[in-house]
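Following: one structure in structure tokens, then a few remarks.
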Amino acid sequence: MLRYLPFLLVLALWIYAFIDCLNTPEKEVRGLPKVVWVIIILLFGEVLVGPVAWLVAGRPRRTAADGTASAGWRRDQRTAFVAPDDNPEFLKSLKDSGSSQDGKDGKKAGAGEDDDALMRKWEADLQRREEELKRRERDDEV
């Protein structure tokens, strides 16, 4: 199994460089046109020349917003996550969807009354069915 490890590492680097090259926008590719980089990666991937050349010379450099080179993720760097109940856009979308639902039936305040009437109807139906079952049981016993 260990003898396959170098082949798997080369294959992984080859696939990574190929997908990275395909996902990079044409304007950000350095040195050569994107199509040429894809061909170089595919032709010279088995000997690592193509993928390494892409990572060194063709891949765009990632820079921070202030123009300095980014060292990647830092431990002290926090993401700007906002909980849904603190997000004004999310709350606005809830209000908008609620108002669009109000317009469908024209009444929102009377929804509780409708629910009570429906519950009373269900209870009456359940009571009717229970009485019918009891009546059938009595008729079967006789």
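These values consider heavy atoms only, across backbone and side chains, with no hydrogens, waters or symmetry-generated copies. Please read these numbers as outputs of a predicted model, since none were measured by experiment.
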Pairs satisfying ring-ring contact (aromatic ring centres under 6.0 Å, His included), at least one member in residues 24-58, at least two apart
Trp37-Trp54
Which pairs with one or both residues in residues 119-142 pass ring-ring contact (aromatic ring centres under 6.0 Å, His included), sequence neighbours excluded?
none
Over all atoms of both residues, closest heavy-atom pair of [X] and [Y]:
X: Ile41; Y: Gly50; answer: CG1-O, 3.9 Å
X: Lys34; Y: Glu26; answer: CB-OE1, 3.1 Å
X: Asp20; Y: Thr24; answer: O-OG1, 2.6 Å

For [X], enumerate each residue passing the side chain to side chain contact (heavy atoms under 4.5 Å, CB included) test, keeping only those at least two apart in sequence or located in another chain.
X: Glu89; result: Asn87
X: Leu43; result: Ile39
X: Arg128; result: Asp125, Glu132
X: Leu5; result: Leu2, Leu9

Other than Tyr4, which residues form its hydrophobic cluster under the rule that side-chain heavy atoms must be closer than 4.5 Å?
none
With heavy-atom distances below 4.5 Å as the criterion, would you say the side chains of Ile40 and Val49 are in contact?
no
Nearest 0.5 Å please: distance from the [atom1] atom of [X] over to the [atom2] atom of [Y].
X: Gln127; Y: Glu123; atom1: CD; atom2: CD; answer: 9.0 Å
X: Leu42; Y: Trp14; atom1: CG; atom2: CH2; answer: 7.0 Å
X: Leu126; Y: Glu131; atom1: CG; atom2: CD; answer: 10.0 Å
X: Leu13; Y: Tyr16; atom1: CG; atom2: OH; answer: 9.0 Å

One pair to check against side chain to side chain contact (heavy atoms under 4.5 Å, CB included): Val10 and Val47. What are the steps and the verdict?
CA-CA 8 Å; Val10 169; Val47 291; over 6 Å; no
Stepwise, does the side chain to side chain contact (heavy atoms under 4.5 Å, CB included) test hold for Leu118 with Asp114?
CA-CA 6 Å; Leu118 184 63; Asp114 293 342; over 6 Å; no
Lys92: salt bridge (charged side-chain N to carboxylate O under 4.0 Å, His left out) partners, not counting sequence neighbours
Asp96
